[in-house]
Amino acid sequence: SDVGSQKDRVVTEEEWLEKWEMGNIRFHKEEGHPLLQKYLDVLLNGRSGLRIFFPLCGKAVEMKWLADMGHSVVGVEISEQAVKEFFSEHSLPYCEEPVPEISGAKMFQSTSGNISLYCCSIYDLSSSIVGKFDGVWDRGALVAVNPCDRQHYASLMISLVEKNSSYLLVTVSYDPNKHKGPPFYVPESEIKSLFG
């Protein structure tokens, strides 16, 4: 696939943490994403009470929106600041506890229990820790994952979903030779090879 000069680009966890610390989070949207609203029926497929996963969730407002609809939301985010800002900005009380299976990881859970956010590397998660999901809202995760890690990411995501799950994915289309990313360009052909 033609990913231009991005093929070898690597953004470290430290760089992501620095983006949050410096407030350089143009990727965060204060309003719910219009594509989630447009395709919500595809994600839910007539079902209620779903477990929905938000990979690299940041402080996505859609997490509260779906939880308020009666779904159980689980996210993962490397930045503890982002996770705490999510709960603070929505005035949601939460508790914090270590994740025994992952050294240094924490899980932040709303006191209502319907939002659980893991603060760790996504690659430390497994279905034995977080279970399986009925749906995934991938608004900015695949395009943020380093190109060299996409296969690992896709394999992990496939391992976390139930057989009849729905996976909503948002990507961006542009000339990868003119922008170093992130967000990274992921051609449709690569999405098909990653996810089948």
Side-chain angles (χ1 to χ4, degrees), residues 11-37 40 43-44 48-145 153 156-157 160-161 165 167-170 182-183:
V11 181
T12 65
E13 287 182 0
E14 289 73 23
E15 287 174 86
W16 283 112
L17 292 171
E18 189 175 289
K19 284 178 185 288
W20 282 99
E21 288 166 18
M22 304 301 289
N24 181 14
I25 54 168
R26 290 189 310 267
F27 48 82
H28 174 70
K29 304 292 180 221
E30 294 293 338
E31 303 295 320
H33 199 288
L35 289 175
L36 178 57
Q37 294 170 6
L40 182 63
L43 181 66
L44 302 181
S48 59
L50 301 185
R51 292 191 81 233
I52 301 174
F53 187 54
F54 279 67
L56 312 187
C57 62
K59 55 179 184 175
V61 297
E62 298 93 337
M63 294 189 290
K64 182 170 186 316
W65 185 61
L66 285 166
D68 286 347
M69 286 182 201
H71 303 290
S72 176
V73 171
V74 176
V76 62
E77 170 58 48
I78 196 71
S79 168
E80 185 170 325
Q81 177 183 338
V83 170
K84 287 181 172 177
E85 284 179 11
F86 169 79
F87 286 107
S88 169
E89 290 172 9
H90 294 285
S91 302
L92 289 172
Y94 65 91
C95 58
E96 173 184 331
E97 59 189 53
V99 181
E101 303 91 337
I102 306 170
S103 176
K106 296 178 184 175
M107 195 260 288
F108 296 80
Q109 187 173 56
S110 60
T111 52
S112 57
N114 59 350
I115 301 174
S116 303
L117 305 183
Y118 288 80
C119 186
C120 61
S121 166
I122 190 167
Y123 302 114
D124 289 334
L125 292 182
S126 66
S127 60
S128 65
I129 297 170
V130 295
K132 296 224 178 196
F133 299 96
D134 305 302
V136 175
W137 170 236
D138 185 335
R139 198 274 301 173
L142 180 63
V143 297
V145 167
Y153 173 82
L156 172 64
M157 296 308 294
L160 293 178
V161 294
S165 66
Y167 195 113
L168 288 187
L169 171 67
V170 177

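Please read these numbers as outputs of a predicted model, since none were measured by experiment.
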* Could you please spell out the steps behind the side chain to side chain contact (heavy atoms under 4.5 Å, CB included) verdict for Phe54 and Leu66? => CA-CA 11 Å; Phe54 279 67; Leu66 285 166; 3.7 Å; yes

* **side chain to side chain contact (heavy atoms under 4.5 Å, CB included) assessment of Leu50 paired with Ser72** => CA-CA 6 Å; Leu50 301 185; Ser72 176; over 6 Å; no

* Going through the distances and angles, do Trp20 and Ile78 end up as a side chain to side chain contact (heavy atoms under 4.5 Å, CB included)? -> CA-CA 10 Å; Trp20 282 99; Ile78 196 71; 5.8 Å; no

* Please lay out, stage by stage, how Leu56 and Val145 fare under the test side chain to side chain contact (heavy atoms under 4.5 Å, CB included). => CA-CA 9 Å; Leu56 312 187; Val145 167; 4.2 Å; yes

Show the atom names and distances, to 0.1 Å, of all donor-acceptor pairs under 3.5 Å that link a side chain in residues 128-135 to residues at least two apart or in another chain.
unit_1, atom_1, unit_2, atom_2, d
Ser128, OG, Ser126, OG, 2.8
Lys132, NZ, Ser159, O, 3.3
Asp134, OD2, Arg51, N, 2.8

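Judged by distance alone, the side chain of Ser110 and the main-chain N or O of Tyr94 form no donor-acceptor pair under 3.5 Å. A side-chain donor-acceptor contact under 3.5 Å links Glu77 to the backbone of Gly58.
The number of heavy atoms from other shown groups lying within 6.0 Å of CD (Glu18) does not exceed 12.
Asp124 pairs by the side-chain hydrogen bond (donor to acceptor under 3.5 Å, both in side chains) definition with nothing, not counting sequence neighbours. Residues satisfying the ring pair (Phe, Tyr, Trp, His ring centres under 6.0 Å) test with His90, not counting sequence neighbours, are Phe86.
When each of Lys59, Lys84, Lys64 is tested with Glu89 by the rule salt bridge (Lys or Arg N to Asp or Glu O under 4.0 Å), just one qualifies, namely Lys59.
The side-chain heavy atoms of Leu156 and Ile122, taken from C-beta on, include a pair separated by under 4.5 Å. The shortest side-chain heavy-atom distance between Glu96 and Met107 does not fall under the 4.5 Å cut-off. A 4.5 Å side-chain heavy-atom check between Leu43 and Leu36 finds at least one atom pair inside the cut-off. The side-chain heavy atoms of Val143 and Val170, taken from C-beta on, include no pair separated by under 4.5 Å. Within the 4.5 Å cutoff, the side chain of Trp137 has no heavy atoms near those of the Phe53 side chain. The shortest side-chain heavy-atom distance between Val136 and Pro55 falls under the 4.5 Å cut-off.
The line from CD1 of Ile52 to NE2 of His71 is 5.0 Å long, rounded to the nearest 0.5 Å. Leu169 CG to Met157 CE: the interatomic distance, rounded to the nearest 0.5 Å, is 9.5 Å. Separating the CD atom in Glu14 from the NZ atom in Lys19 is a distance of 13.5 Å, to the nearest 0.5 Å.
Thr12 and Glu15 share a donor-acceptor pair across their side chains, judged by distance under 3.5 Å alone.
Listed here is the closest heavy atom pair of Gly32 and Val61: N-CG2, 3.6 Å. Scanning all heavy atoms of the two residues, the minimum distance from Asn114 to Ser112 falls at OD1-OG, 2.7 Å. Counting all heavy atoms, side chain and backbone alike, Leu160 lies closest to Ser127 at CD2-N, 3.5 Å. Of all the heavy atoms in Cys119 and Ser79, the pair that sits closest is SG-C, 4.0 Å. Contact between Val76 and Cys120 at its shortest, heavy atoms only, is CG2-O, 3.6 Å.
Between Glu97 and Lys106 no salt bridge is recorded (no basic side-chain N to carboxylate O distance below 4.0 Å).
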